[in-house]
Amino acid sequence: MFIKLQDISYHVTVEGEGEPLLLLHGFTGDSGTWMPFIPLWKKNYKVITVDIIGHGKTDSPEEIEKYTMQESVTHLRALIDHLQLASVYLLGYSMGGRLALAYGMNYPETVKKLILESSSPGLKTDLERKQRRIQDEKLGDSILEQGIINFVKKWEEIPLFESQKMLSEAAKEAIRKQRLANNPVGLANSLRGMGTGAQNSYWSSLSRLSIDTLLITGELDQKFCQIAEEMVDCNKKIKHLTINDAGHAIHVEKPEIFGTIVLEFLRS
């Protein structure tokens, strides 16, 4: 179904009955990311997926200011209100994890538990954010100038996704198809508006996070394992699990383990 939030039409799915579990995909993904898990999770939860602005079937407006992290947080709150939910379990992967954390920092009273897969609270210094914004701006330009096919080919080769080369050809093709289905304008603007350099850093306020939070990282993704350990040091409500033989996208590389871990944390 489609839900109008302010002037953006969001693609949303709702399946199952029970306490609500809201899922947020990563950059270049869409709500289809979570489809393999819905049969399992909807047995006990009302599973809600949403295509983040610029992705999937949700609108991809030209105006970059519509893509800021704070704007997306506001839209997420409006979605939860629209669905008449008092609070949700919130799970996000990578970019979706950054959005989930930003939402939890802004509206903690509406989040029962938080699960962040391969996510961060942003960058620590102004210099890091400035350098990252420049990188993301160039990457956004390249999507529009060289086309989405060339971009996806390059994106598949970045070190972050090295471990995905071990996936079956069918799995790799499914991921590629999902990425290629996105709107180039939406992806470019998402990088400029919601990229790690563009968002506010939550490192200094992480100690005030009042939500029970689980961080899931893959052992082969050393960068995000280190980030997760630093986040744990900031707040006793944050727990960290590392999954063996997995990289950045644990839900893709180790789906059975990931699905079980999520359920166990929700029930704990």
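Values below: every heavy atom of this structure, side chains too, minus hydrogens, waters and symmetry copies.
Rounded to the nearest 0.5 Å, atoms CG (L114) and CD1 (I238) are 8.5 Å apart. Atom CG of residue L101 and atom OG1 of residue T213 lie 7.5 Å apart, to the nearest 0.5 angstrom. Between atom CD1 of residue I250 and atom CD1 of residue I257 there is a gap of 10.5 Å, rounded to the nearest 0.5 Å. Considering CG of L215 and CD of E229, their distance stands at 9.0 Å, rounded to 0.5 Å.
The shortest side-chain heavy-atom distance between P36 and P255 does not fall under the 4.5 Å cut-off. Taking 4.5 Å as the limit, every side-chain heavy atom of S201 sits out of range of all side-chain heavy atoms of T125. No side-chain heavy atom of R179 sits under 4.5 Å from any side-chain heavy atom of L187. Residues L116 and M231 are in side-chain contact: their nearest non-hydrogen atoms beyond the backbone lie under 4.5 Å apart. Under the 4.5 Å side-chain criterion, counting only non-hydrogen atoms from C-beta, W34 is in contact with L91. Residues L79 and I3 have side chains in contact (heavy-atom distance under 4.5 Å, counting atoms from C-beta outward). Considering only heavy atoms from C-beta on, M69 comes within 4.5 Å of L99 through its side chain. Here the side chains of F224 and L160 are in contact, with some heavy-atom distance below 4.5 Å.
Here the side chain of H25 pairs a donor or acceptor atom with the backbone of I52 at under 3.5 angstrom. Proximity of a side-chain donor or acceptor of E19 to a complementary backbone N or O of Y45 within less than 3.5 Å is not detected. Looking only at distances, a side-chain donor or acceptor of W203 sits under 3.5 Å from a matching main-chain atom of G122. Between the side chain of D51 and the main chain of K57, a donor-acceptor pair closer than 3.5 Å is present. A donor-acceptor contact shorter than 3.5 Å links the side chain of N235 to the backbone of L209. Counting only distance, with no hydrogens or angles, the side chain of H82 and the backbone of I80 share no donor-acceptor pair below 3.5 Å. The backbone N or O of G247 lies less than 3.5 Å from a partner atom in the side chain of E253, making a donor-acceptor pair.
With salt bridges taken as basic N to acidic carboxylate O contacts below 4.0 Å, none links K130 and D126. Note on E264 versus K113: no salt bridge recorded, every NZ/NE/NH1/NH2 to OD/OE distance being 4.0 Å or above. Salt bridge status for E156 with K153: absent, with no side-chain N to carboxylate O gap under 4.0 Å. Contact check on K154 versus E157 returns no salt bridge, with no Lys/Arg side-chain nitrogen under 4.0 Å from an Asp/Glu carboxylate oxygen.
Contact record, G140 with A188: O-CB, 3.5 Å, taken as the closest heavy-atom pair. Nearest approach of G96 to L24, heavy atoms of both residues: O-CD1, 3.6 Å. Across D136 and G195, no two heavy atoms sit closer than the pair OD2-CA, 3.7 Å. Across all non-hydrogen atoms, the minimal contact from S119 to G92 is OG-O, 3.9 Å.
Under 3.5 Å, the side chains of Q131 and Q135 contain no donor-acceptor pair of N or O atoms. Y93 and H251 share no side-chain donor-acceptor pair at under 3.5 Å. Using modelled atom types and a 3.5 Å distance limit, the side chains of T13 and T49 yield a donor-acceptor pair. In this model, a donor atom of one side chain and an acceptor atom of the other lie less than 3.5 Å apart for R267 and N44.
By the rule that hydrophobic residues join a cluster once side-chain heavy atoms approach within less than 4.5 Å of another member, L241 and L90 end up as members of one cluster. No continuous path of hydrophobic side-chain contacts links I8 to V185 [ILVMFWY only; heavy atoms under 4.5 Å]. Both I143 and F161 belong to a single network of hydrophobic side chains, linked directly or stepwise wherever heavy atoms of I, L, V, M, F, W or Y lie under 4.5 Å apart.
Figure legend: K112 and Y89 shown as a cation-pi pair, the cationic atom lying under 6.0 angstrom from the six-membered ring centre and within 45 degrees of its axis.
Of the options H240, H248, E117, a side chain to side chain donor-acceptor pair (under 3.5 Å) to T217 is made by H240 and by none of the others.
A distance below 6.0 Å separates the ring centres of F37 and F258. Side-chain rings of F151 and W155 approach one another, their centers coming within less than 6.0 Å.
D141 pairs by the salt bridge (charged side-chain N to carboxylate O under 4.0 Å, His left out) definition with R192, not counting sequence neighbours.
Within 6.0 Å of CD in Q222 there are 12 or fewer heavy atoms belonging to other residues, nucleotides or ligands. Heavy atoms from other residues, nucleotides or ligands lying under 6.0 Å from NZ of K138 number 12 at most. In the displayed structure, L180 atom CG is contacted under 6.0 Å by more than 12 heavy atoms of other residues, nucleotides or ligands. Residue-environment remark: CD (Q6) exceeds the threshold of 12 foreign heavy atoms within 6.0 Å.
The stretch residues 58-67 participates, sequence neighbours left out, in these side chain to side chain donor-acceptor pair (under 3.5 Å) pairs: D7-K66.
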